[in-house]
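These values consider heavy atoms only, across backbone and side chains, with no hydrogens, waters or symmetry-generated copies. Since the model is a prediction, treat every value here as computed from it, not as a measurement.
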Amino acid sequence: MAEIIDGKAIAGQIQEEVNREVKELEKAGVTPGLAVILVGNNPASVSYVRMKEKACKELGIVSFRYDLPADTPEEELLGLIRKLAQTPEVHGILVQLPLPDGLSQERVLEAIPPEKDVDGLHPFNVGKLLEGAPTFVPCTPAGIQELLVRSGNSPEGKHVVVMGRSNIVGKPLAALLMQKRRGANATVTVCHSRTSDLAAITRLADILVAAVGVPRFVTADMIRPGCVVIDVGVNRVEDPTVERGYRLVGDVDFDGVSQIAKAITPVPGGVGPMTIAMLMRNTVLAARRQM
Ligand code: GUN
């Protein structure tokens with residue numbers, strides 16, 4: 001049976017570190033502030049935004065929340081971002097993704113000033129990461145790296161297979177783990193929905209990261225015994241036996257894969273809490289850089 005990598009506990013350690021930094025900033029007269037913009041009411045997004053606000057409150061970071069209707073004109077959203085860009089109490093700006101149809105993710109992300117882009121998704125920050133001089137690293141990739149290092153499964157010299165090529169997870173994670181620096185130095189393979197003979201590649205992984213968005217997609221036959229498995233998926237599947245009517249499952253078939261993996265992250269309680277902890281860390285970093 002695989003060791004369970006406790007993302008909640010590791011995120012707790014990071015939040016304690018962040019909390020200490022918040023207290024130091026307070027002494028210097030600065031309270032870190034994070035603006036979170038939610039457009040529409042996608043249930044998963046509503047839940048993520050709530051968790052981000054809760055984490056801010058626990059750590060002494062001020063959160064400014066903006067809920068906009070799904071039919072908000074793009075100009076109005078861009079106007080709000082421009083206003084927050086000029087607000088000194090707001091050190092970080094996050095627009096929850098995905099955006100409703102009709103809004104350009106590209107234009108919206110580019111409106112956030114790079115120095116307040118705590119999500120690390122502005123093209124400037126993406127470019128800096130690729131260059132090897134990261135500024136703000138996207139939260140989920142940064143969280144996965146911390147999870148690996150702090151659980152004693154450093155990616156150094158290892159073959160990491162990333163399943164998924166999204167701008168939020170797959171692409172920046174590949175860039176991050178191939179960096180020539182401590183806690184990285186991995187050999188990275190990225191595969192995706194058009195990869196032929198996917199299992200032949202995933203079976204070569206020392207560390208497998210599943211970010212495909214398909215419930216229980218990764219099965220035991222797709223991994224090598226001893227592999228470390230990181231499950232980024234958060235999928236709602238119907239479950240009439242529970243009150244809310246659904247259950248969260250990852251992209252990995254946990255029951256099967258945990259029989260042969262060396263270590264595995266659970267869903268929930270794996271990558272999710274790490275993403276939030278890294279957002280808090282980036283917000284404090286932003287505040288410090290803006291002093
Ligand atoms: N939606 C899912 N993950 C993320 C994330 O890391 N940042 C933002 N802004 N939206 C998301």
Quick one: are Ile207 and His159 in side-chain contact, heavy atoms under 4.5 Å?
no
Apply side chain to side chain contact (heavy atoms under 4.5 Å, CB included) to residues Val46 and Leu38 and explain how you reach the verdict.
CA-CA 8 Å; Val46 170; Leu38 172 62; 3.9 Å; yes
Consider only side-chain heavy atoms of I, L, V, M, F, W and Y, link residues closer than 4.5 Å, and tell whether Leu176 and Phe136 are in one cluster.
no
Side chains of Arg65 and Val49 in contact at under 4.5 Å (non-hydrogen atoms)
yes
Linked, directly or transitively: Met178 and Val162 (ILVMFWY side chains, under 4.5 Å):
yes
Give, for atom CZ of Phe64 and atom CG of Leu94, the distance between the pair rounded to the nearest 0.5 Å.
14.0 Å
Treating Ser154 as the side-chain partner and Glu156 as the backbone partner, does any N or O pair qualify as donor plus acceptor under 3.5 Å?
yes
Let me check something: do Leu97 and Leu129 share a hydrophobic cluster, defined by ILVMFWY side-chain heavy atoms less than 4.5 Å apart, either directly or through other members?
no
Please say whether more than 12 non-hydrogen atoms of neighbouring residues, nucleotides or ligands are located less than 6.0 Å from CZ in Arg182.
no
Output the distance between atom CG (Leu59) and atom CD (Glu16), rounded to the nearest 0.5 Å.
10.0 Å
Validation row: Met1, Ser258 side chains within 4.5 angstrom (heavy atoms)
yes
Answer yes or no: are there more than 12 heavy-atom neighbours, outside Asp221 itself, under 6.0 Å from its atom CG?
yes
Short side-chain donor-acceptor distance under 3.5 Å, Lys262 and Asn153:
yes
Check Thr72 against Leu103 and note the closest heavy-atom contact, atom names and distance.
O-CD2, 3.5 Å
Hey, are Arg224 and Asp206 close enough for a salt bridge, meaning a charged N less than 4.0 Å from a carboxylate O?
yes
Validation row: Val36, Glu53 side chains within 4.5 angstrom (heavy atoms):
no
With a 4.0 Å cut-off, would you call Arg20 and Glu24 a salt bridge?
no
Report yes or no: does His91 contribute a side-chain atom to a donor-acceptor pair with the main-chain N or O of Gly33 at less than 3.5 Å?
yes
Value for NZ (Lys116) from OG1 (Thr87), rounded to nearest 0.5 Å, stands at 6.0 Å
To the nearest 0.5 Å, atom NZ of Lys54 lies from atom OG of Ser63 at 13.0 Å
Side-chain (Asp119) to main-chain (Leu121) donor-acceptor, under 3.5 angstrom:
no
Looking at Thr195 and Leu198, would you say the former's side chain and the latter's main chain have a donor-acceptor pair under 3.5 Å?
no
I need the minimum non-hydrogen distance between Glu74 and Gly102, along with the two atoms involved.
OE1-O, 3.9 Å
Can you confirm whether Val108 sits close enough to Ile81 that some side-chain heavy atom of one is under 4.5 Å from a side-chain heavy atom of the other?
yes
same_hphob_cluster(Ile223, Val190) at 4.5 Å side-chain heavy-atom cutoff:
no
Does Arg50 make a cation-pi contact with Tyr48 (under 6.0 Å, within 45 degrees of the axis)?
no
Please check if Leu109 and Val169 belong to a single hydrophobic cluster, counting links between Ile, Leu, Val, Met, Phe, Trp and Tyr side chain heavy atoms closer than 4.5 Å.
yes
Is the closest side-chain heavy-atom distance between Ile10 and Ile5 below 4.5 Å?
yes
Do Thr31 and Glu26 have a side chain donor and acceptor closer than 3.5 Å?
yes
Quick one: do Lys128 and Glu131 make a salt bridge, cutoff under 4.0 Å?
yes
Ile14 side chain reached by Arg150 side chain, heavy atoms, under 4.5 Å:
yes
Listed by chain and number, what are the side chain to side chain donor-acceptor pair (under 3.5 Å) partners of Gln13, not counting sequence neighbours?
none
Checking side chain to side chain contact (heavy atoms under 4.5 Å, CB included) for the pair Val249/Arg216: CA distance, chi angles, key distance, verdict?
CA-CA 7 Å; Val249 302; Arg216 304 189 190 96; 3.5 Å; yes
As an exercise, state the distance from CE of Met163 to CZ of Phe217, rounded to the nearest 0.5 Å.
5.0 Å
Short question: side chain of Glu238, backbone of Gly245 - any donor-acceptor pair under 3.5 Å?
no
For Val209 and Val232, what are the C-alpha separation, side-chain angles and deciding distance, and is it a side chain to side chain contact (heavy atoms under 4.5 Å, CB included)?
CA-CA 7 Å; Val209 181; Val232 185; 3.7 Å; yes
Could you measure the distance from the CD1 atom of Ile93 to the CG atom of Leu84? Nearest 0.5 Å is fine.
5.0 Å
Give me the atom names and distance for the closest heavy-atom approach of Ser193 to Arg165.
OG-NH2, 3.6 Å
Quick one: closest heavy-atom pair of Pro138 and Ile168, and the distance?
CB-O, 4.1 Å
Among Asp239, Thr241, Asn235, which residue meets the side chain to side chain donor-acceptor pair (under 3.5 Å) test with Arg247?
Asp239
Do Asn125 and Thr135 have side-chain N/O donor and acceptor atoms under 3.5 Å apart?
yes
Closest heavy-atom contact between Asp251 and Gly213?
OD2-N, 2.9 Å
Could you tell me if the side chain of Leu204 sits less than 4.5 Å from the side chain of Thr189, heavy atoms only?
no
Arg82/Glu75 salt bridge by N-O under 4.0 Å criterion
yes
Note: Gly7 and Leu147 closest approach over all heavy atoms is CA-CD1, 3.8 Å
Side-chain donor-acceptor pairs of residues 263-287 under 3.5 Å, sequence neighbours excluded:
unit_1: Thr265; atom_1: OG1; unit_2: Asp231; atom_2: N; d: 2.8
unit_1: Thr275; atom_1: OG1; unit_2: Thr140; atom_2: OG1; d: 3.0
unit_1: Thr275; atom_1: OG1; unit_2: Val271; atom_2: O; d: 3.4
unit_1: Arg281; atom_1: NH1; unit_2: Glu146; atom_2: OE2; d: 3.3
unit_1: Arg281; atom_1: NH2; unit_2: Glu146; atom_2: OE2; d: 3.1
unit_1: Asn282; atom_1: ND2; unit_2: Val118; atom_2: O; d: 2.9
unit_1: Asn282; atom_1: ND2; unit_2: Val137; atom_2: O; d: 3.1
unit_1: Thr283; atom_1: OG1; unit_2: Leu279; atom_2: O; d: 2.8

Are Leu68 and Leu77 close enough, and set up right, to give a side chain to side chain contact (heavy atoms under 4.5 Å, CB included), and what steps lead you there?
CA-CA 8 Å; Leu68 306 180; Leu77 174 57; 3.9 Å; yes
